[in-house]
Amino acid sequence: MQIVRVALDVPLPTLFDYTVDDAVVLGQRVIVPFRRSQLVGVVMECVMFSELAVEKIKPVVRILSDSEPISSKLLALLRFCSEYYHYPIGQTVIPALPARLRSDKPITVKHEYHYRLLDGAPPIDLIPQRKTAARNMVKMLALQPCNLQQLKTVALTASAQLKWLIEAGWVEAFEVNPLACLPRMHCFANAHKLTDEQQQVVDAVTQTSGYRCFLLHGITGSGKTEVYVHLINRVLQTGGQVLLLVPEINLTPQLEHYFLSRFPVATLVSLHSGLSENERLKHWQQAQSGAAGIVLGTRLSVFAELPKLSLIIVDEEHDASFKQQDGLRYSARDVAIFRAKQCGVPILLGSATPSFESYHNALNGRYEMLKLTGRALADANLPEIKFIHSKQTVMVDGISEVLLREIAHRITRGEQSLLFINRRGYAPVLMCTECGWLSDCKNCAGKMVLHTKDQRLRCHHCGYQIHVPTLCPECRHPELLPVGSGTQRVERVLIDRFPEARILRVDRDSTRNKRTWEAMRSKITANEVDIMVGTQMLAKGHDFPALTLVGILNPDSALYSSDFRAAEKLFSQLMQVSGRAGRADKPGEVLIQTEFPDHPMYRCLQQHDFEGWAASQLAEREMADFPPFAFQAMLRAEGLVEADVYAYLNMAKLAGVKLNHPVEIFGVVPASLARRANHVRAQLLIQANSRRVLQQFLRVWQPGLADLASNKLRCSLDIDPLEF
DNA sequence: AGCACGCCGACT
DNA sequence: GTCGGCGTGCTC
């Protein structure tokens with residue numbers, strides 16, 4: 001009989017000891033009694049003795065052996081995360097698994113159909129010329145057997161053609177185990193010729209052996225994706241696995257389709273929260289068995305099992321969505337770097353506007369800087385960026401006359417325009433012209449946003465909504481004025497001004513279900529839209545070939561935000577949305593409405609000068625002792641009673657000061673949204689000049705924090721926070 | 001986090 | 001007398 005130490009999904013920093021009679025392997029899932037119920041846990045350690053009194057230790061109920069154990073490498077990665085982010089080990093390990101592995105429901109692997117050419121299949125010429133789809137499919141099947149998904153990348157009507165080919169006796173279906181590592185006869189990409197610059201990047205990465213972190217700084221349109229394709233191709237040829245991390249879920253289906261089409265016969269799986277439990281399990285297991293050569297996923301896929309991992313790519317590495325904002329508050333980019341180090345493989349961080357953290361590391365030599373400076377399509381030029389001084393121009397409901405005229409030109413030329421405004425709704429606040437009443441949310445410190453579509457005032461923080469009042473709730477005055485504009489108002493203005501134009505609004509309200517956004521995208525690509533109005537949803541994603549004008553409406557607020565990263569974020573957002581304008585044959589133009597056209601941020605943006613911008617900002621950050629020159633942790637608390645929240649944080653601060661470590665402990669301050677859903681929120685910032693010092697402090701300070709908090713408070717510790 | 005145990009106010 | 005309020009404490 002031996003003791004196993006098991007990780008359980010409970011908010012306690014420890015493992016739990018159980019006895020087992022049968023042979024048990026590290027990383028295996030077990031059902032154990034816990035309190036009055038049973039839980040699924042993962043065996044983290046096998047030991048001979050326990051520190052606990054014998055009578056307290058219960059036996060394992062059952063060992064689950066219908067799935068492969070978690071590798072000790074992944075367990076080590078999860079242990080590291082638990083320690084680095086100071087989060088309970090069980091709540092780190094268990095939620096990293098697909099939901100099906102967190103339950104005791106039996107796991108079965110269903111076989112799937114693949115298709116292959118029969119011996120008697122006719123040469124390609126015998127298939128009628130007009131049956132292009134069938135011909136493409138036969139060509140692909142001649143390389144190696146494929147599944148339906150792969151065939152669909154060469155033939156839209158794959159299902160129907162397949163039926164025809166099977167009935168003709170040329171193709172047959174056969175069962176395969178999706179977890180089996182099929183021999184990869186052909187995994188080649190439909191590779192395009194690389195520019196010299198791109199080739200140099202590919203060479204630099206492929207010539208590395210062992211761990212190395214590369215920062216690929218490539219302007220929009222410089223062909224980063226083609227570099228990824230070539231690198232992935234190399235890895236697949238040697239039988240390795242690639243992890244490709246991408247920011248958002250709404251980007252994944254297109255990207256998946258794109259990479260499938262580039263690697264028609266490789267096994268690619270996606271991992272993101274949009275998958276069903278069964279799909280997620282299957283994809284995870286395909287990664288675990290090595291059957292999947294490419295794993296494409298959002299931040300959670302950084303915890304996928306990858307036995308043959310040979311390369312990690314983090315695309316849009318600056319994107320804030322790589323940071324999880326609840327539970328284990330990890331940065332998938334940073335975890336990926338640790339993982340690459342652990343596995344001894346290269347990692348490539350790609351971005352047109354790298355985070356200052358990564359850029360700084362590339363400048364000081366911790367990472368290797370790689371650059372793509374030219375647009376891959378030789379004659380494609382960067383868009384011309386111009387400013388409209390919003391205080392010196394005639395404005396129609398927040399849109400300048402100049403911009404409206406330019407939109408009109410695009411309409412007559414059959415080109416598209418995009419108006420970018422980072423606010424949804426009609427107006428961000430409603431005001432009484434008589435007494436100055438503002439549409440405050442009764443539950444939050446924020447304002448309720450006016451939505452004219454359903455005549456409601458809605459709080460974007462807590463979801464509370466009311467009907468738009470006809471009289472001022474304070475003074476009964478009948479005149480209430482919408483202040484500022486959001487996407488709906490801009491859309492309204494455009495409809496009035498261009499009644500014939502086809503206008504499309506793209507924001508979270510207009511794309512309720514995820515199918516809609518897909519439909520909208522194809523409408524835009526088919527040039528069935530003249531003007532798009534939208535939030536940052538429009539900044540990301542694939543190219544819109546007919547788009548030649550981007551208008552940006554009053555983005556200034558980020559320039560005087562209390563968040564020191566706001567300007568960094570705005571710059572990359574504007575760079576990204578600007579990059580949507582213009583193609584090889586049609587130059588793009590960007591018009592920015594601002595009160596501060598001389599602000600250094602806009603100057604650098606106009607010159608497409610990321611280097612200059614980064615240099616000036618890094619200098620400021622260094623002077624002010626901000627990241628990346630300092631390392632931070634944020635303790636947050638929220639609760640119903642203001643005094644409790646502040647008392648807790650002040651006690652925590654006092655406890656920290658007493659430890660007398662070389663860290664700076666700032667004051668307890670209200671969170672940027674001081675009240676949300678009736679909960680008072682405040683925070684305490686800790687800063688040190690090295691990761692090591694910060695971690696040393698947290699190791700002593702953090703364990704006591706839970707005892708200080710009453711159960712009425714919700715607290716969290718955020719390491720390397722992005723939000724303030 | 002749950003979910004027990006435990007000690008004080010208004011009810012048949 | 002008891003039903004139930006939510007404060008404290010433990011989970012291998």
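Residue numbers begin at 1 in each chain, while the letters A, B, ... track the order of the sequences.
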| query | Is A:E664 reaching over with its side chain to a backbone N or O of A:Q687, donor-acceptor style, under 3.5 angstrom? | reply | no
| message | Can you confirm whether the side chains of A:S65 and A:Q28 place a donor and an acceptor under 3.5 Å from each other? | response | no
| query | Can you name the closest pair of heavy atoms from A:E317 and A:S358 and give their distance? | reply | OE1-OG, 2.8 Å
| request: Return the value, rounded to whole Å, for the distance between atom CD of A:Q38 and atom C1' of B:dG2. | output: 17 Å
| request: Could you check how far CZ of A:R714 sits from P of B:dA1, rounded to whole Å? | output: 8 Å
| query | A:D644 CG to C:dG7 P: how many Å, rounded? | reply | 12 Å
| task | Pick base, sugar-phosphate or nothing for A:N711, based on heavy-atom distances below 4.0 Å to the nucleic acid. | result | base
| task | Please step through ring pair (Phe, Tyr, Trp, His ring centres under 6.0 Å) for the pair A:H460 and A:H451, ending with a clear verdict. | result | CA-CA 11 Å; A:H460 288 179; A:H451 288 250; 5.3 Å; yes
| query | Contacts to DNA chain C from residues 44-61 of chain A, heavy-atom cutoff under 4.0 Å, which residues? | reply | A:L52, A:K56, A:I57, A:K58
| request: Look at all strands and tell whether A:L12 reaches a base, only sugar-phosphate, or nothing, counting heavy atoms closer than 4.0 Å. | output: base
Heteroatom pairs (N/O) under 3.5 angstrom, protein to nucleotides 4-7 of chain B:
{"residue": "B:dA4", "atom": "OP1", "partner": "A:R36", "partner atom": "NE", "Å": "3.1"}
{"residue": "B:dA4", "atom": "OP1", "partner": "A:R36", "partner atom": "NH1", "Å": "2.4"}

| Would A:Q695 and A:H86 count as having a side-chain donor-acceptor pair, cut-off 3.5 Å? | yes
| d(CG, A:L713; P, C:dT8) in whole Å | 13 Å
| field | Close side-chain approach of A:V693 to A:V663, heavy-atom, < 4.5 Å | value | yes
| query | Without hydrogens or angle criteria, can the side chains of A:S276 and A:N278 be said to hold a donor-acceptor pair below 3.5 Å? | reply | no
| field | Protein-nucleotide distance (A:L328, atom CG; B:dA1, atom C1'), rounded to Å | value | 17 Å
| query | Is A:Y18 touching bases, backbone alone, or none of the nucleic acid, heavy atoms closer than 4.0 Å? | reply | sugar-phosphate
| request: Measure the distance from CG on A:D707 to P on B:dA1 and round it to the nearest whole Å. | output: 13 Å
| request: Indicate whether the side chain of A:R100 and that of A:S67 have a donor and an acceptor atom separated by less than 3.5 Å. | output: no
| request: Please state how far atom CG in A:L8 lies from atom P in B:dC3, giving the value in whole angstrom units. | output: 15 Å
| said: Can you measure A:L39 atom CG to B:dA1 atom P for me and round it to whole angstrom units? | reply: 16 Å
| message | If you count every heavy atom of other residues, nucleotides or ligands that lies below 6.0 Å from A:E723 atom CD, does the total exceed 12? | response | no
